[in-house]
Amino acid sequence: MLKRMKRKNLRLFYLHQAFFTFTDSIWSITFPLFIYKTFHSISALFVWSFAWNVIFGLLFIPLFNLAMKWKKPKYFMAAGVVFYGVSLALMGKISPQKPWLTIAALLAFALYVSFYWMVRHWFFSVNADHLKIGKQISWLAIISIIVNFIGPIA
């Protein structure tokens with residue numbers, strides 16, 4: 001029963017990987033251009049990256065420890081996905097007339113990374129079959145490569 005649940009979790013994880021990689025490939029191409037066009041400065045990209053990394057650096061260990069203490073990491077992953085959606089929605093609303101939305105999008109993005117990534121890696125390690133982990137990681141890589149190729153074309 002437990003092994004079947006782990007396989008189901010991994011299949012859902014692979015599906016999630018496809019959707020996430022698609023949005024991330026589109027985002028990573030368009031967002032830097034958008035920030036540059038909005039603020040007319042390459043420095044804005046560096047400030048963006050620095051700021052979310054500082055927030056992430058302060059939050060990820062306490063949030064990961066909290067997720068492990070409560071023994072409910074899936075809720076932290078779900079919160080991360082929600083913050084990711086919020087950050088994408090806010091990024092879509094940033095304009096020269098509303099530059100303050102950049103700060104809100106930055107905070108949502110930093111919260112997404114803080115809530116999601118550490119728990120995501122833990123989730124995979126717990127659900128992976130340690131006798132087949134190489135194959136399972138290869139599937140994640142194959143999904144990412146195919147979607148990263150298709151995403152920008154779409």
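In what follows, every heavy atom counts, from backbone to side chain, and hydrogens, waters and symmetry copies are set aside. Here the structure is a predicted model, which is why all the values come from computation and not from measurement.
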Does [X] belong to the same Ile/Leu/Val/Met/Phe/Trp/Tyr cluster as [Y], with side-chain heavy atoms less than 4.5 Å apart forming each link?
X	Y	result
Leu33	Met91	no
Met68	Ile61	yes
Leu106	Trp100	yes
Phe149	Ile146	yes
Ile143	Ile137	yes

Student check: side-chain heavy atoms of Phe39 and Pro99 closer than 4.5 Å: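 Of all side-chain heavy-atom pairs linking Pro99 with Phe39, at least one is under 4.5 Å.
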May I ask you to test the Phe76-Trp70 pair for a side-chain heavy-atom distance under 4.5 Å? yes
Please find the pair of heavy atoms, one from [X] and one from [Y], that lie closest to each other, and give the distance.
X	Y	result
Lys93	Leu101	O-CD1, 3.4 Å
Ser87	Ala105	CB-O, 3.8 Å
Ser95	Thr38	C-CG2, 3.9 Å

First locate atom [atom1] of [X], then atom [atom2] of [Y], and finally report the distance between them rounded to the nearest 0.5 Å.
X	Y	atom1	atom2	value
Ile142	Lys135	CD1	NZ	10.0 Å
Phe64	Leu59	CZ	CG	15.0 Å
Leu45	Phe34	CG	CZ	11.5 Å
Leu66	Lys71	CG	NZ	11.5 Å
Ser114	Phe56	OG	CZ	6.0 Å
Lys37	Thr30	NZ	OG1	12.0 Å

Given the options Phe46, Phe109, Trp117, Trp52 meets ring-ring contact (aromatic ring centres under 6.0 Å, His included) only with Phe109
Under 3.5 Å: donor-acceptor pair, side chain of Thr21, backbone of Ala18: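 Not at all, since once roles are kept as given, no pair shorter than 3.5 Å links the two residues.
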Greater than 12 external heavy atoms within 6.0 Å of Ile103's CD1: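 Open: at most 12 neighbouring heavy atoms sit under 6.0 Å from CD1 of Ile103.
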Under the ring-ring contact (aromatic ring centres under 6.0 Å, His included) test, residues paired with Tyr84 that sit two or more places apart: Phe20, Tyr112
What residues form a ring-ring contact (aromatic ring centres under 6.0 Å, His included) with Phe31, not counting sequence neighbours? Trp27, Trp48
Applying the side-chain contact (heavy atoms from CB on, under 4.5 Å) criterion to Tyr116, which one of Val81, Leu63, Leu111, Val82 satisfies it? Val81
